[in-house]
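Worksheet: one structure, shown below.
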Amino acid sequence: MKNYEAIVNGMREITGQAPLARVNPRLIAVSKTQPAEKIKALLEAGHRIFGENRWQEAKERWLPLKPLYKGIELHFIGPLQTNKVAEVTGFFDCIHSLDRPKLADALSKESCKLPCFIQVNTGEEPQKAGVIPKDAPDFIRYCRDELKLNIVGLMCIPPADVNPAPHFAFLRKLGQENGLARLSMGMSSDWQTALRLGATEIRIGTGIFGER
Ligand SMILES: *Cc1c(COP(=O)(O)O)cnc(C)c1O
């Protein structure tokens, strides 16, 4: 709980200083692979926003917890297979990993109204999900204007072992150019930098719960 409180206080400090007008930054506690006791402790402390990256695991963890606490908000942050779209959209409240046209089509077919972030592969890493930057404007237009999906912002995971700041700054610029206000960026190792560069949602796992 100490870690959690330190992050919440840090968020308040950083965004208080930031020169940007912003929507409230939100803290997504990434609960993947964490034991139930730790998650329950956070729920008891009043936290309600959680992130998961695997459908099956998330369902097992949250099915019993959902009825016990009011107002739980679950964010899907991992790779989403098209054959899981119906289940995931029925269980989660937000999707951060809309990364390809086939998935957009599947969400549209399900008449998905959930807020979605488009994942951008800012480092153009072959092993990483996300639309590459030069394809992003067309993909945003396709999802938002043609399919009428509820696109609220952009998400990125910068490459490991590089300065993440240029990636966050790039994502913010891309959002501004395309009329997307929300930015899902920043994890345990770089959330302060992300917040200073305009993150509206940070996704933190080990920084809150400890090592997985
Ligand atoms: C696991 C994960 C996180 C949290 O990572 P930590 O380094 O534990 O904070 C954030 N975003 C995504 C997409 C993840 O898969």
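Read the numbers this way: they start at 1 and go in the same order the structure lists the ligands and their atoms. Because only heavy atoms are used, hydrogens play no part in the values below, and waters and symmetry mates are left out as well, while side chains stay in.
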Considering only protein heavy atoms, which is closest to [atom], and at what distance to one decimal place?
| atom | value |
| --- | --- |
| atom 5 (O) of ligand 1 | M187 CE, 3.5 Å |
| atom 13 (C) of ligand 1 | I77 O, 3.4 Å |
| atom 9 (O) of ligand 1 | S188 OG, 2.4 Å |

Of all the atoms in ligand 1, which lie at a distance below 4.0 Å from a heavy atom belonging to [X]?
| X | value |
| --- | --- |
| G205 | 4 (C), 6 (P), 8 (O), 9 (O) |
| K32 | 1 (C), 2 (C), 3 (C), 14 (C), 15 (O) |
| I204 | 9 (O) |
| I157 | 13 (C) |

Practice task
Ignoring hydrogens and angles, tell me if any N or O in the side chain of K128 forms a donor-acceptor pair with the backbone of G123 under 3.5 Å.
Solution key: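 Checked: no pair found.
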Exercise for the section: Check for a donor-acceptor pair, side chain of D93 on one end and backbone N or O of L74 on the other, with a separation under 3.5 Å. Expected result: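 Here the side-chain-to-backbone pair exists.
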Problem - Carboxylate-amine/guanidinium proximity below 4.0 Å for K102 and D105 - result: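 Between D105 and K102 there is no salt bridge, as every charged N stays at least 4.0 Å from the carboxylate O atoms.
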Practice task
Ignoring hydrogens, just give me the one of M155, R203, E211 whose non-hydrogen atom is nearest atom 11 (N) of ligand 1.
Solution key: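 Residue with the shortest heavy-atom distance to the ligand atom: R203.
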Handout entry: R54, CZ atom: more than 12 neighbouring heavy atoms under 6.0 Å
Key =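 Atom CZ in R54 is not packed in, count stays at 12 or less.
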Problem - Option from L171, V152, I151 for which side-chain contact (heavy atoms from CB on, under 4.5 Å) with L180 holds - result: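 The option that passes is I151.
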Handout entry: Candidates T200, L197, I202 - the one meeting side-chain contact (heavy atoms from CB on, under 4.5 Å) with M185
Key =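 The residue from T200, L197, I202 that satisfies side-chain contact (heavy atoms from CB on, under 4.5 Å) with M185 turns out to be L197.
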